[in-house]
Every structure is written in structure tokens, then in C-alpha cells.
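Since the structure comes first, as C-alpha cells, the remarks are kept for the end.
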2 protein chains.
Amino acid sequence: MYTSHLLPSASSATFPAFGLSSEALTLESLFASLPVDKFAAGEGVFWEGDAASDIFQIAEGCLRLYRILPDGRRAIIGFRFAGEMLGLSCEGTYCYTAEAVTPIRLRRLSRARLRAMSEGDGQLQSLLLAKVFEEIRAAQQHIVVLGQLGAEERAAHFLVSAARRTGADRKRPVVIELPMTRQDIADYLGLTIETVCRVMSKLKRDGLVTLEGRHRVILVRVADLQQLAGELDSAEPWERQASPWCPPQWPH
Amino acid sequence: MYTSHLLPSASSATFPAFGLSSEALTLESLFASLPVDKFAAGEGVFWEGDAASDIFQIAEGCLRLYRILPDGRRAIIGFRFAGEMLGLSCEGTYCYTAEAVTPIRLRRLSRARLRAMSEGDGQLQSLLLAKVFEEIRAAQQHIVVLGQLGAEERAAHFLVSAARRTGADRKRPVVIELPMTRQDIADYLGLTIETVCRVMSKLKRDGLVTLEGRHRVILVRVADLQQLAGELDSAEPWERQASPWCPPQWPH
DNA sequence: CGTGAGATTGAAGTAATTCAAGACTAGTGG
DNA sequence: CCACTAGTCTTGAATTACTTCAATCTCACG
């Protein structure tokens with residue numbers, strides 16, 4: 001029998017932030033009855049190259065997803081917070097390592113079982129597909145950030161994006177918890193730890209944010225931060241005619 | 001017309017490079033009977049924000065996919081070559097603009113129709129899903145490139161990756177055609193056009209490549225280029241124990 | 001053979017990195 | 001409880017990589 005009551009705090013408190021309520025309910029029900037795995041901070045959940053046997057949903061805590069380059073550089077692909085899913089877009093083998101930033105609790109669903117469940121269920125398939133599309137969208141967003149934005153803009157985007165993902169942008173003041181280290185943020189934004197520090201200090205100095213300890217940031221002037229971030233998320237599509245861009249013709 | 005000599009018989013010549021032969025055959029058959037649309041160089045196929053009504057397969061030519069930032073900067077998300085698909089991972093509205101680099105011919109399949117066709121067809125669904133996963137994988141790869149690699153490394157990765165995608169890496173010498181402009185490459189790699197030029201010149205000076213005109217590059221020392229690129233594609237996963245990385249513990 | 005867009009190269013400027021020193025903070029042991 | 005310690009964070013100074021500005025070159029096409 002399924003649990004008659006939802007988890008005391010986690011589910012009802014955290015889910016509304018991460019999608020349509022119907023979506024959250026349906027995907028949540030997939031995981032709700034599964035046992036919970038715990039990992040300590042710093043522990044790995046899976047490694048790049050492992051057979052991608054399971055997908056996960058985070059009940060509590062924060063993870064970093066990363067790849068290590070041959071020379072030892074670490075590229076953090078992204079972070080995952082409570083309520084979000086993990087490993088859905090990997091086929092065959094995991095294409096990054098997942099590691100707990102904080103102590104975490106998560107539910108594991110075998111890929112084979114998910115496949116079986118979704119076999120005849122068109123609604124479930126589209127829910128999953130929507131998650132995959134969301135992931136692509138986020139990845140493309142990150143590409144734009146890394147390719148085009150400067151250090152301050154990247155940081156601003158990171159903060160605004162974190163606020164939106166955790167639902168913190170819907171209350172005032174906007175308070176976000178950043179459990180990861182500065183080094184994590186640096187490896188995620190393609191900067192050095194020193195640059196991340198400097199930029200955060202500058203945002204503080206300019207009155208855009210307040211820093212409370214190492215892991216709490218209060219977004220004071222959200223609109224300015226969004227503008228700094230290039231309004232990449234909320235921006236209406238660029239005007240088709242107004243584009244200053246004159247595309248080069250072939251041949252050149 | 002451009003590339004008439006390159007693609008005498010587009011499908012059979014180019015498909016083996018882009019997936020399993022069974023996959024290519026199946027997906028190709030989806031498009032084979034559809035009429036061909038033509039676009040001149042510089043023409044847009046769809047724009048960011050348009051309703052994502054169709055998906056496309058490129059019969060011939062090359063496209064750039066990009067987004068324009070509020071201040072006019074252009075971020076090229078990627079390129080698509082003959083045989084590749086387009087618009088599959090967009091839901092609701094296209095999340096980038098697609099524009100012909102060269103004159104192109106492509107086949108259009110309505111999303112609604114694809115949906116109907118795949119409704120009961122599990123095999124087709126997994127073929128499509130595989131394409132989507134491939135796209136995510138490529139996006140994550142690009143994130144690593146933009147976040148961690150220097151200018152020369154980025155260029156090397158771009159060249160090696162282009163060689164692999166077009167199948168040019170399976171013949172010697174490795175000759176790749178780059179129909180896009182240097183500005184396109186710059187906007188794709190997150191560099192300026194001058195830096196792209198300088199880096200290409202350096203690769204040439206160092207004997208890694210030969211440049212023939214503006215749009216043909218011969219990869220002379222492929223292994224060295226791959227190493228420069230961080231061996232991001234071919235690299236075996238990093239050793240779990242040998243990792244020099246000591247993950248920070250929580251709390252910090 | 002002239003023309004113009006694109007490409008290349010050089011020189012100066014700037015943003016981010018590297019190197020280095022010090023400050024903070026959480027956890028430890030007296 | 002308090003000092004001690006180790007890891008993290010922050011700031012400054014010097015350096016580097018990339019960009020910007022500017023001039024020249026190349027090539028496809030008329």
C-alpha cells in the first residue's frame with residue numbers, strides 16, 4: 001500500500017516551486033512509494049561512465065553534476081535541488097558524476113521499471129519528455145551564459161536563476177541559499193574562485209545583493225540583477241525586424 | 001550551386017556518419033516522401049519564439065542556430081549539417097532562430113503528424129528519444145568547452161568535432177568544409193572574430209592544420225588536435241580513484 | 001581588372017587569472 | 001568555554017589571455 005500521507009514537510013512544501021501542479025503530482029507519485037537513499041556531503045551518487053541504471057528524484061539536499069577533464073580541470077554541468085530529477089537524460093552510461101553538496105535524501109527508480117511504466121502511458125511519456133526538453137533548454141541557456149556574458153553578468157544570472165528554481169523569487173525579500181562552495185560556483189560559471197568572490201563583493205558594494213555568511217544571498221534589486229543577467233529567461237523573443245544583425249550571405 | 005559536388009547522393013553518402021544504420025534508415029524513411037523546401041543563404045527557416053509546428057531534416061546545406069541577446073550580441077547555439085535534424089527538442093515555441101548558412105534543401109514534418117506516427121510506435125519513440133539525448137550530450141559538451149577551454153583548445157575542439165560529424169575523420173587526409181563565416185565560428189565559440197583568426201593561424205603555424213582558402217581546413221596532426229581539445233569526446237571516463245579532486249565537505 | 005565583404009595581422013587596452021597574503025568560520029580538543 | 005586549527009573565503013598586486021581598435025590583405029564576383 002502507498003503511504004497514506006505525503007512526507008511531512010518535503011513534498012508539499014517544496015514541489016509547488018518546480019512545475020505545474022498536475023505535473024508535479026504525477027511524477028511525484030512515481031517516486032512516492034520508493035525507499036529513500038541517503039548520502040553524506042561529498043559522497044558520489046554515480047560516476048561518469050557508470051551504467052545508467054536508475055533515475056533519481058531528490059527529496060532533500062543539493063547535488064553537483066560534473067565532468068573532470070584529462071588534465072584535472074573540473075567542469076560543473078549543473079546543480080540539482082530538492083524536488084528536481086537526476087539522470088533522466090542519460091542513456092547507456094551516465095555522462096557526468098553526481099555528488100552530494102549537502103547531506104541528501106533521494107529516491108531511486110530503475111530505468112527498466114520506468115520504461116515499463118511509461119510503455120503504454122502517453123501522459124507519463126509526455127511528462128518525462130517535458131522534463132528532458134526543460135533540461136535541453138537549461139543547457140542551451142547555460143551555453144549562452146558561458147559564451148556571451150562577462151563575469152558579473154554570469155554571477156547575476158546564476159543568482160536570478162537560483163532564485164527562480166527554488167521559488168525564492170516569489171517572496172520578498174528574495175533570500176536564496178547557496179550550499180555549494182565558491183569553487184563549485186566558479187567551476188559552474190567558467191571562472192576562478194577569486195573572480196567569483198570579487199564579483200559577489202562588487203554586487204554587494206553596488207547594492208544589488210546582501211551577503212549573509214557564505215551561503216545565503218539576499219537579492220535586493222532583482223530587476224537590476226535580471227537586466228545584468230541579460231534577461232535571458234524572461235525576455236520576450238527578439239524582434240524579428242528590429243534585429244541589428246545582418247546575416248552574412250553565401251558565398252563569402 | 002554550392003556543394004553540388006560534395007553531395008552527389010545526399011542520403012546514402014552522408015547518413016552513415018550520423019548514427020546506427022538502422023536508426024538512420026528508419027528516421028530517413030519518415031522524411032523521404034516529404035516535399036523539399038529550399039532556402040537561400042542567409043534566409044531564416046524559423047525564428048526564436050515562433051510556434052514550433054514542424055521538425056526538419058536537412059537534405060543539403062548548413063544552418064546556424066542562434067539567439068540574440070537584448071543588447072544585440074549573438075550566441076550561436078550550434079550548426080546543423082546535411083543529414084541532421086532540426087527543431088526536435090523544441091516544445092511549444094522554437095527556442096532559437098535557424099538560418100541558412102549555405103543554400104539549403106530540407107524536408108519538413110509537422111509535429112502533430114510526428115506525434116500521431118509515434119503514438120503507438122515504441123521503436124520510433126526510442127529513435128527520437130535517442131536523438132534528443134544526443135542533443136543534450138552535445139549541449140553539455142559545449143558547456144564544458146565554453147566553461148573550461150582556452151581559445152586554442154576551443155578551436156581545436158571545433159575542428160575535431162566538425163570532422164567527426166561530417167565523417168571526414170574516417171578518411172586521410174582529414175579535410176573539412178566550414179561553410180560558416182569566421183564571425184559565426186566566433187559567436188559559437190564565445191570568442192571574437194580576431195581571436196578565431198589568430199588561433200587558426202597559430203594552428204597552421206604549428207603544423208596542426210593546413211588552411212585552404214576560407215572554408216576548407218585540413219587536419220594534419222589529428223591526434224595533437226584531439227589532445228588540445230581535451231579529448232572531450234573520445235576520452236575514457238576519468239579514473240574514479242585517481243581523480244586529483246578532493247570534493248569539499250558540507251558544511252564549509 | 002576593379003570592387004567590397006570578409007579575413008588577417010599588429011598594437012593598445014581590458015577583463016579575468018594567477019600568485020600571494022590575510023580574514024573568517026566551523027569543527028576540535030583542551 | 002575558549003583557543004587552536006584547517007579549510008574556505010576575501011582582497012590586493014602582478015601577469016596573461018583575450019578583446020578592441022585600426023590597417024592591410026584576400027578572394028569571389030561583376
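Every chain is numbered from 1 and lettered A, B, ... according to where its sequence line falls, protein lines coming before strand lines. Predicted model, so just to flag it, every value in this text is computed and none were measured.
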Rounded interatomic separation in angstrom, taking [atom1] from [X] and [atom2] from [N]:
X       : N       : atom1 : atom2 : answer
D187(B) : dT19(D) : CG    : C1'   : 14 Å
R154(A) : dA15(C) : CZ    : P     : 14 Å
L191(B) : dC18(D) : CG    : P     : 7 Å
E153(A) : dA15(C) : CD    : C1'   : 12 Å
L146(A) : dA16(C) : CG    : C1'   : 15 Å
Q148(B) : dA17(D) : CD    : P     : 16 Å
I193(B) : dG6(C)  : CD1   : P     : 9 Å
M200(A) : dA16(C) : CE    : P     : 16 Å

Checklist entry - Would you say R170(A) and R164(A) make side-chain contact, with heavy atoms under 4.5 Å? => result no

Next on the checklist: Just so I know, are the side chains of L203(B) and L159(B) near enough to count as touching, which here means a heavy-atom distance under 4.5 Å?
Outcome noted: yes

Salt bridge flag under 4.0 Å for residues [X] and [Y]:
X       : Y       : result
D187(B) : R64(B)  : no
E194(B) : R182(B) : no
R73(B)  : E153(A) : yes

Checklist entry - Does S201(B) put a side-chain nitrogen or oxygen below 4.0 Å from OP1 or OP2 of dT9(C)? => result yes

Checklist entry - Any idea which of dT10(D), dT9(C), dA16(C) is nearest the R198(B) side chain? => result dT9(C)

Checklist entry - Nearest of dT18(C), dT19(D), dT9(C) to any side-chain atom of T195(B)? => result dT19(D)

Checklist outcome for this item: B/S/- along nucleotides 22-30 of chain D (protein heavy atoms under 4.0 Å) is ----BSSS-

Item to check | For I58(A) against L106(A), the heavy-atom pair lying closest together | outcome: CA-CB, 4.0 Å

Checklist outcome for this item: Between V199(B) and T181(A), whichever has its closest DNA chain D nucleotide further toward 5' is T181(A)

Checklist entry - When the ring planes of F81(A) and F79(A) are compared, do they come out parallel, tilted or perpendicular, using 30° and 60° as the limits? => result tilted

Item to check | Along DNA chain C (nearest heavy atom to each residue), the more 5'-positioned of L211(B) and E152(A) | outcome: L211(B)

